[in-house]
Asks: 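Okay, here's the structure, questions in a sec.
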Amino acid sequence: MSDKRLRDDLRATLEARRDLGPDYEPALIDSFMERLDATIAARVRAELDHHGVAPRKKTGQGTPLVPIALGSLGIGVPLTAIAGTTGGAFGLLVAWAAIVLVNVAAAVAFMRRP
């Protein structure tokens, strides 16, 4: 969308707001913002294409470390009770060392991924 079209679109939105009243203002603003976002995205794509920059690929959603950390905490509570009663301080040390080792190994594997 050219600057003139965008300017005309804004004028039309403002005129519609005057005609329709303040009740329709949120819908008009949302509609204009969607068109503005699309214009900006198109300009960014055009600039990236012009300079030969390829868009980055999405590797996935979120980090897999969160479920591992929460799972470690969830299993750590009963494991602490069991290790503390049967193995004493040494049992606690071994149990939590294993939990820490699993979390560190997961973090290292995640950091090495391309």
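Here the structure is a predicted model, which is why all the values come from computation and not from measurement.
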Asks: Give the table of side-chain donor-acceptor pairs shorter than 3.5 Å for residues 78-102, with sequence neighbours excluded, one pair per line with atom names and distance.
Replies:
| unit_1 | atom_1 | unit_2 | atom_2 | d |
| --- | --- | --- | --- | --- |
| T80 | OG1 | G76 | O | 2.5 |
| T80 | OG1 | W96 | NE1 | 2.7 |
| T85 | OG1 | A81 | O | 3.0 |
| T85 | OG1 | I82 | O | 3.1 |
| T86 | OG1 | I82 | O | 2.8 |

Asks: I'd like to know if D8 pairs up with R5 as an ion pair, taking the criterion as any Lys NZ or Arg NE/NH1/NH2 lying under 4.0 Å from an Asp or Glu carboxylate oxygen.
Replies: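 Answer for the salt bridge query: no.
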
Asks: Sequence neighbours left out, cut at 3.5 Å: what donor-acceptor pairs do the side chains of residues 23-30 make with other protein atoms?
Replies:
| unit_1 | atom_1 | unit_2 | atom_2 | d |
| --- | --- | --- | --- | --- |
| E25 | OE1 | R17 | NE | 2.7 |
| E25 | OE1 | R17 | NH2 | 2.9 |

Asks: Give, for atom CG of L65 and atom OG of S72, the distance between the pair rounded to the nearest 0.5 Å.
Replies: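 The OG atom of S72 is 10.0 Å from CG of L65, to the nearest 0.5 Å.
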
Asks: Nearest 0.5 Å, please: how far is OG1 in T13 from CE in M33?
Replies: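 Separation between the atoms: 11.0 Å.
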
Asks: I need the minimum non-hydrogen distance between A106 and I68, along with the two atoms involved.
Replies: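 So the minimum-distance heavy-atom pair works out to CB-CD1, 3.5 Å.
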
Asks: Are D37 and F32 close enough, and set up right, to give a side chain to side chain contact (heavy atoms under 4.5 Å, CB included), and what steps lead you there?
Replies: CA-CA 9 Å; D37 286 344; F32 179 76; over 6 Å; no

Asks: R18: which residues meet the side-chain hydrogen bond (donor to acceptor under 3.5 Å, both in side chains) condition with it, sequence neighbours left out?
Replies: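 Partners of R18 under the side-chain hydrogen bond (donor to acceptor under 3.5 Å, both in side chains) test: none.
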
Asks: If you apply the rule side chain to side chain donor-acceptor pair (under 3.5 Å), what do you find for R43 with T39, and how did you get there?
Replies: CA-CA 6 Å; R43 286 182 181 178; T39 302; over 6 Å; no

